[in-house]
K.L.:
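Please read through the structure below; I'll follow up with questions.
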Amino acid sequence: MAGSTDTADPPVVSPPLWLLAELTYRCPLHCVFCYNPTELERAGAELSTAQWVDVMRQARAMGAAQLGFSGGEPLVRDDLEELVQEACRLGFYTNLITSGVGLTEARAKRLKNAGLDHVQLSFQDSTREMNDFLSHTKTFELKKKVARIIKDNDWPMVMNCVLHRHNLPHVGAIIDMALELEAEYLELANVQYYGWAWRNRDHLMPTREQLEQAEAVVQRYRESIGKRCRLLFVVPDYFEERPKACMNGWGSVFLSIAPDGLAMPCHNARDLPGLQLPDVREHAIADIWQRSQAFNAYRGEDWMQEPCRSCDERHKDFGGCRCQAFMVTGDAAATDPVCSKSPRHERIVQFTREAATRRHIPLVFRSDPAPSRLGGNLGEKCS
Ligand code: SF4
Ligand code: SF4
């Protein structure tokens with residue numbers, strides 16, 4: 001049996017507020033910073049429509065109110081409209097997180113009729129050349145058309161662009177593009193080093209000067225455009241002295257369900273050692289949330305080591321990110337090494353220092369295992 005829900009006395013925990021439904025790992029794009037697992041062949045077959053509906057009903061009954069349809073590319077699922085319709089009937093506020101590939105006018109109408117509330121559209125850059133290079137697909141013009149379709153359907157649009165050393169100098173042009181496409185929000189999220197981005201970190205890591213210049217540009221735009229488009233600039237953890245409150249605390253508000261039905265407190269948790277990830281086909285969502293080993297492993301403070309255990313800031317950041325702690329230190333329960341109080345913080349400083357002098361090495365584009373394993377066609381790469 002996958003996972004375990006046999007904790008003797010379930011702790012009293014608040015219900016999840018966010019359900020992240022990663023419908024599929026399939027995606028027509030091949031982004032060099034994709035946060036999906038690099039070893040997708042370890043994932044099982046996708047949940048069926050009925051199984052997703054059951055997950056949504058259980059999560060909503062517990063109190064979850066926000067639902068993100070994500071992936072991979074969720075539009076590759078033919079049943080997306082059916083899932084959106086059921087989510088809306090249940091009372092979720094629904095958000096589609098998409099590369100735009102597959103959002104035709106006809107499909108947008110059907111999703112609108114199904115009740116979809118919100119769309120988040122990703123771009124890789126403001127230039128066709130860089131957008132298409134980083135995703136290894138010819139998708140730039142298509143994404144612009146999709147932005148128009150989103151506006152024509154009166155959806156609030158969040159435009160998202162992952163930033164790194166290759167596109168940070170374009171941040172002003174990216175904001176201009178968002179204004180031209182009438183995005184309500186622009187999320188300029190500097191790459192976090194998980195999944196494919198971890199594999200490509202030597203190539204993606206910016207310099208501190210690049211970051212400071214980009215942040216200054218964003219601030220100037222904020223002052224000039226006001227509320228026309230809200231700009232969110234997320235500084236990469238590696239350049240901070242304190243970690244972010246990852247997932248707002250483990251098992252606190254986020255419930256993520258992977259395409260193969262494994263439930264996780266964070267969508268990157270698959271790679272953490274020692275976690276018995278429960279399968280929604282075998283366990284009720286309430287049991288998973290309240291009783292499972294995986295959701296209780298880093299909940300609260302009992303698991304913390306020093307210096308977090310006695311730190312007066314532990315209620316702010318909950319010790320940081322477990323995945324980052326594991327990837328950099330080899331110990332998932334260690335203090336996040338981004339924190340300057342961590343005894344392993346020097347490794348992070350070293351990563352960032354080397355950014356300015358790094359040799360050019362080849363980027364690794366996201367690839368997928370055989371389509372049959374993931375349940376469908378993965379689309380064509382551009383040549
Ligand atoms: S980051 Fe790129 S490759 Fe990964 S799921 Fe999103 S669009 Fe697809
Ligand atoms: S020692 Fe731990 S709790 Fe304290 S600031 Fe650093 S990561 Fe946060």
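We count ligands from 1, going down the list as the structure has it; atoms in each ligand are counted the same way. None of these values were measured; they are calculated from a predicted model. Count residues from 1 along the sequence.
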K.L.:
Mind checking whether atom 8 (Fe) of ligand 2 has an N, O or S of D317 under 2.8 Å?
P.N.:
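Yes, within the cut-off.
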K.L.:
What do you reckon, are the aromatic ring centroids of H164 and H203 less than 6.0 Å apart?
P.N.:
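Distance test on ring centres: not under 6.0 Å, no.
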K.L.:
Ring of W303, cation from R314 - is the NZ or CZ under 6.0 Å from the centre and inside 45° of the axis?
P.N.:
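Here R314 fails the 6.0 Å and 45° test against W303.
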K.L.:
Side chains of P265 and S252: closer than 4.5 Å at any heavy-atom pair?
P.N.:
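Side-chain contact under 4.5 Å: no.
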K.L.:
Mark up the atoms of ligand 1 that fall under 4.0 Å of a heavy atom belonging to C27, in ascending order.
P.N.:
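With C27 as reference, the close atoms of ligand 1 come out as 3 (S), 5 (S), 7 (S), 8 (Fe).
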K.L.:
Do you know which of F33, W198, Y35, Y238 makes ring pair (Phe, Tyr, Trp, His ring centres under 6.0 Å) with Y193?
P.N.:
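Filter result, single survivor: Y238.
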K.L.:
I need the atoms of ligand 2 closer than 4.0 Å to a non-hydrogen atom of E313, numbered in the order shown.
P.N.:
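Reading through ligand 2 atom by atom, the close ones are 5 (S).
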K.L.:
If we count only N and O atoms by modelled type, under 3.5 Å, do the side chains of D125 and T127 hold a donor and an acceptor together?
P.N.:
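The criterion, which ignores hydrogens and geometry beyond distance, is satisfied for T127 and D125.
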K.L.:
Pick one of side chain, backbone, both or neither for how K316 approaches ligand 2, counting any non-hydrogen atom pair under 4.0 Å.
P.N.:
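The answer is neither.
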K.L.:
What atoms in ligand 1 come closer than 4.0 Å to a heavy atom of G72?
P.N.:
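Near G72, meaning under 4.0 Å from one of its heavy atoms, ligand 1 has 5 (S).
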K.L.:
Does the side chain of Q213 come under 3.5 Å of the side chain of E209 through a donor N or O and an acceptor N or O?
P.N.:
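Note: Q213 and E209 side chains miss the donor-acceptor criterion.
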K.L.:
Name the closest protein heavy atom to atom 4 (Fe) of ligand 1, giving the residue it belongs to and the distance to 0.1 Å.
P.N.:
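Closest protein heavy atom to atom 4 (Fe) of ligand 1: C34 SG, 2.3 Å.
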K.L.:
Does ligand 1 have any atom sitting under 4.0 Å from a heavy atom of E73?
P.N.:
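Distance cut 4.0 Å: E73 fails for ligand 1.
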K.L.:
At under 4.0 Å between heavy atoms, is it the side chain or the backbone of C308 that contacts ligand 2, or both, or neither?
P.N.:
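Both backbone and side chain.
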K.L.:
Does ligand 2 have a heavy atom under 4.0 Å from the side chain of S342, from its backbone, from both, or from neither?
P.N.:
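Neither part.
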K.L.:
With a cut-off of 4.0 Å, which atoms of ligand 2 are near a heavy atom of R242?
P.N.:
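Counting atoms of ligand 2 from 1, those under 4.0 Å from R242 are 5 (S).
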K.L.:
For atom 8 (Fe) of ligand 1, is some protein heavy-atom partner under 4.0 Å away?
P.N.:
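Protein heavy atoms within 4.0 Å of atom 8 (Fe) of ligand 1 - there is at least one.
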K.L.:
For C311, take its heavy atoms, then give the atoms of ligand 2 lying under 4.0 Å from any of them.
P.N.:
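By the 4.0 Å cutoff, the relevant atoms are 1 (S), 3 (S), 4 (Fe), 5 (S).
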K.L.:
Which atoms of ligand 2 sit under 4.0 Å from any heavy atom of R314?
P.N.:
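With R314 as reference, the close atoms of ligand 2 come out as 3 (S).
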K.L.:
May I ask you to decide if M157's main-chain N or O and E184's side chain share a donor-acceptor pair within less than 3.5 Å?
P.N.:
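Checking the backbone N and O of M157 against the side chain of E184, a donor-acceptor pair under 3.5 Å is found.
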K.L.:
Would you check, one step at a time, whether the test side-chain hydrogen bond (donor to acceptor under 3.5 Å, both in side chains) holds for R128 with N131?
P.N.:
CA-CA 5 Å; R128 180 189 302 110; N131 182 91; over 6 Å; no
K.L.:
Using every non-hydrogen atom in the two residues, find where K244 and P236 come nearest and quote the distance to one decimal.
P.N.:
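Scanning both residues completely, I find the closest heavy atoms to be NZ-C, 4.2 Å.
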K.L.:
Heavy-atom contacts with C339 under 4.0 Å: which atoms of ligand 2 show up? List them by number with element.
P.N.:
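Those atoms are 1 (S), 5 (S), 6 (Fe), 7 (S).
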K.L.:
May I ask you to check if R208 and F239 form a cation-pi contact, with NZ or CZ under 6.0 angstrom from the six-membered ring centre and within 45° of the axis?
P.N.:
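Cation-pi check for R208 and F239: fails.
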K.L.:
Note the single closest protein heavy atom to atom 2 (Fe) of ligand 1, along with its residue, its atom name and the distance in Å.
P.N.:
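Residue, atom and distance for the closest contact: C31 SG, 2.4 Å.
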